Protein chains: 2
Amino acid sequence: MSDCDACVVRNRAICSALMPDELAALSKLGRKQMVSRGQTLVWEGDESLVVANVIQGVLKLSVSTQDGREQIVGVVFPSDFIGRPFGKESPYGVTALTDAEVCIFTRTAFDGFAKEHPDLQHKLLQRTLDELDRARQWMMLLGRKTASERIATLLIEISDRLGASGCSPIAPFLEKFELPMDRQQMGDLLGLTIETVSRQLTKLKEAEIIELPDRRSVIIKDRRRLENIATAA
Amino acid sequence: MSDCDACVVRNRAICSALMPDELAALSKLGRKQMVSRGQTLVWEGDESLVVANVIQGVLKLSVSTQDGREQIVGVVFPSDFIGRPFGKESPYGVTALTDAEVCIFTRTAFDGFAKEHPDLQHKLLQRTLDELDRARQWMMLLGRKTASERIATLLIEISDRLGASGCSPIAPFLEKFELPMDRQQMGDLLGLTIETVSRQLTKLKEAEIIELPDRRSVIIKDRRRLENIATAA
DNA sequence: CGTCGGATTGAGCACCGTCAAGGAGAGTGG
DNA sequence: CCACTCTCCTTGACGGTGCTCAATCCGACG
């Protein structure tokens, strides 16, 4: 793997902290890997053996109860970092929501490299802090928002993150996009059932706030009203 | 503030990454401060001006909607770190649940110091990763657990963290402890109402799994059964 | 055209929220 | 010492949001 220079996330992933020679050293430790939709990269509770950068695609982090209830606790987009560096087992599983491409490292090799490169660790710290903020915002959603507020928040969030992760040219958010997940996964992310997700989407459609051309596509027709619903005024 | 050596959290807070001379330098940047129950150290949405280590007491991190719903998104115990280093505004407020003592720094001074001390940043990264794991476990609770599972999980968690934070001699967890919060705050943390919290506690008491000698005290009589309820088998 | 997976829609119900009344304990003042 | 108050908690009755179970629909694919 020597084409980091050509990597589409070169300037947005944590690698952007590195000088060319450092990058070359890191690239020797990792390799690109394709992950197809539904494939699991890390199992919940397993020892944390690998970490990775997302190059393309979307993956979920999820936790399950013994009786099969699932909660998605994070969604990662291109340029995001995956995995639990510095020891421990992974408290969540990592599974591809869409076909994806990742730049993967063994955890121990990455840990060693990171210890030698404070700038990389700094980037990783900033990302982890951002991720923590996002997780906490989501806790507000799960603990206190109604079903319709949750759905609206999700649509805004996906629109924003697909925009930001450069899956689009330049827009800060997208008016029209493909959902990187099915209804069940939306439910697992929002703490709702598939039926409630479906009903709330139908309501938004009937209120002419969104359109649903097919089961994966969303068009936001009235972003202002959607934001009002999402922020739970 | 020159008595870091005597600090009760010296060996558990992030300061443990520092050599004596470094510690002396850091101590010049900060000062100890008392915070009384109910007092807010940082307001939600304010620019992030300070960070701190918790020396004594318990504080909450919380987010509110415009219409007054509140969700507690984190609880910090002695030796834990507070605040949002490296820029940005604080997306949550920080308020003392009990009288507390913190070791406080201006964010900019701390950021500058941290950049110069990779070991400190490393500790901070590990703590942030742990905090993120804990937040994600809590997302599972908020999204998928029932009221009784939530209450049981909370009691186990508080018992464990009070034990670990050295508020007790050596025990890994406590059989008897004081809740650092009232019923309303338990509800805000669990995504429940005060009434539901009360009813579920009564149920656990009637099942002889716990005792409630007074409104703040809990005795765990049958930890095994409590854990079974908590893990949502 | 039939099948299959995912999505929608409907009917009924349960859990938990809402509203309201009452209780327990600490502190205050007569 | 005992009302009085105040805060916090508990308990009860009722209703609504979202879950469960089930039928139907829709599009893709053979």
Side-chain angles (χ1 to χ4, degrees), chain A residues 36-38 60 65 67-71 97-98 140-155 178-207 210-219 229 232, chain B residues 36-38 60 65 67-71 97-99 140-155 178-207 210-218 229 232:
Chain A
S36 47
R37 176 190 290 192
K60 69 172 181 178
T65 55
D67 64 354
R69 282 171 278 173
E70 176 169 336
Q71 177 66 45
L97 290 173
T98 67
M140 153 58 77
L141 176 146
L142 293 172
R144 293 304 191 194
K145 287 191 179 178
T146 64
S148 55
E149 290 163 358
R150 295 183 199 201
I151 291 285
T153 306
L154 177 65
L155 295 178
E178 299 264 300
L179 293 168
M181 63 191 78
D182 62 26
R183 297 291 186 268
Q184 179 63 56
Q185 290 157 346
M186 293 173 73
D188 291 342
L189 183 52
L190 296 170
L192 298 171
T193 59
I194 187 173
E195 294 94 334
T196 301
V197 170
S198 184
R199 278 186 252 269
Q200 295 299 333
L201 284 173
T202 303
K203 271 194 193 169
L204 289 176
K205 187 177 64 181
E206 284 171 350
I210 61 170
E211 276 178 40
L212 301 168
D214 62 71
R215 52 179 59 176
R216 288 268 174 175
S217 301
V218 177
I219 300 172
I229 297 172
Chain B
S36 47
R37 176 191 290 192
K60 70 171 180 178
T65 55
D67 64 354
R69 282 171 278 173
E70 177 170 335
Q71 177 66 44
L97 290 173
T98 68
D99 289 344
M140 153 57 76
L141 177 147
L142 293 171
R144 293 304 190 194
K145 286 191 180 179
T146 65
S148 56
E149 290 163 359
R150 294 184 199 202
I151 292 284
T153 306
L154 176 64
L155 295 178
E178 299 265 298
L179 293 168
M181 62 191 80
D182 62 26
R183 298 289 186 270
Q184 179 63 57
Q185 290 157 344
M186 293 173 73
D188 291 341
L189 184 51
L190 296 172
L192 298 172
T193 60
I194 187 172
E195 294 93 334
T196 301
V197 170
S198 185
R199 277 187 254 269
Q200 295 299 333
L201 284 172
T202 303
K203 270 194 194 171
L204 289 175
K205 187 176 66 180
E206 284 171 349
I210 61 170
E211 275 178 42
L212 302 168
D214 63 69
R215 53 180 58 173
R216 287 267 174 175
S217 302
V218 177
I229 296 172

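Being a predicted model, the structure only gives us computed values, none of them experimental. Chain letters run A, B, ... following the sequence lines, proteins first and then strands; every chain starts at 1.
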Any salt bridge (charged side-chain N to carboxylate O under 4.0 Å, His left out) involving residues 190-202 of chain A? Give me the pairs, sequence neighbours left out, ordered by first then second residue.
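Sorted pair list comes back empty.
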Tell me: [atom1] of [X] to [atom2] of [N], nearest whole Å?
X: B:Arg183; N: D:dT11; atom1: CZ; atom2: C1'; answer: 14 Å
X: B:Glu206; N: D:dT10; atom1: CD; atom2: C1'; answer: 11 Å
X: B:Asp214; N: D:dC9; atom1: CG; atom2: P; answer: 11 Å
X: B:Met186; N: D:dC8; atom1: CE; atom2: P; answer: 15 Å

Residues forming a side chain to side chain contact (heavy atoms under 4.5 Å, CB included) with [X], sequence neighbours excluded:
X: B:Thr146; answer: A:Arg69, B:Ser148, B:Glu149
X: A:Arg37; answer: A:Asp99, A:Arg216
X: B:Leu212; answer: B:Leu201, B:Lys205, B:Ile210, B:Val218

In plain terms, say whether A:Arg215 and A:Asp182 are close enough for a salt bridge, that is, a side-chain N and a carboxylate O under 4.0 Å apart.
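Salt bridge: no.
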In the 5'-to-3' direction, what one-character label does each nucleotide of nucleotides 17-30 of chain D receive under the scheme B = base within less than 4.0 Å of a protein heavy atom, S = sugar-phosphate only, - = no such atom?
-SSBBB---B----
Under the side chain to side chain donor-acceptor pair (under 3.5 Å) test, which residues partner [X], sequence neighbours left out?
X: A:Arg183; result: none
X: A:Ser198; result: none
X: B:Thr202; result: none

Outermost DNA chain C nucleotides near chain B [under 4.0 Å, heavy atoms]
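Going 5' to 3' along DNA chain C, contacts run C:dC16 to C:dA24.
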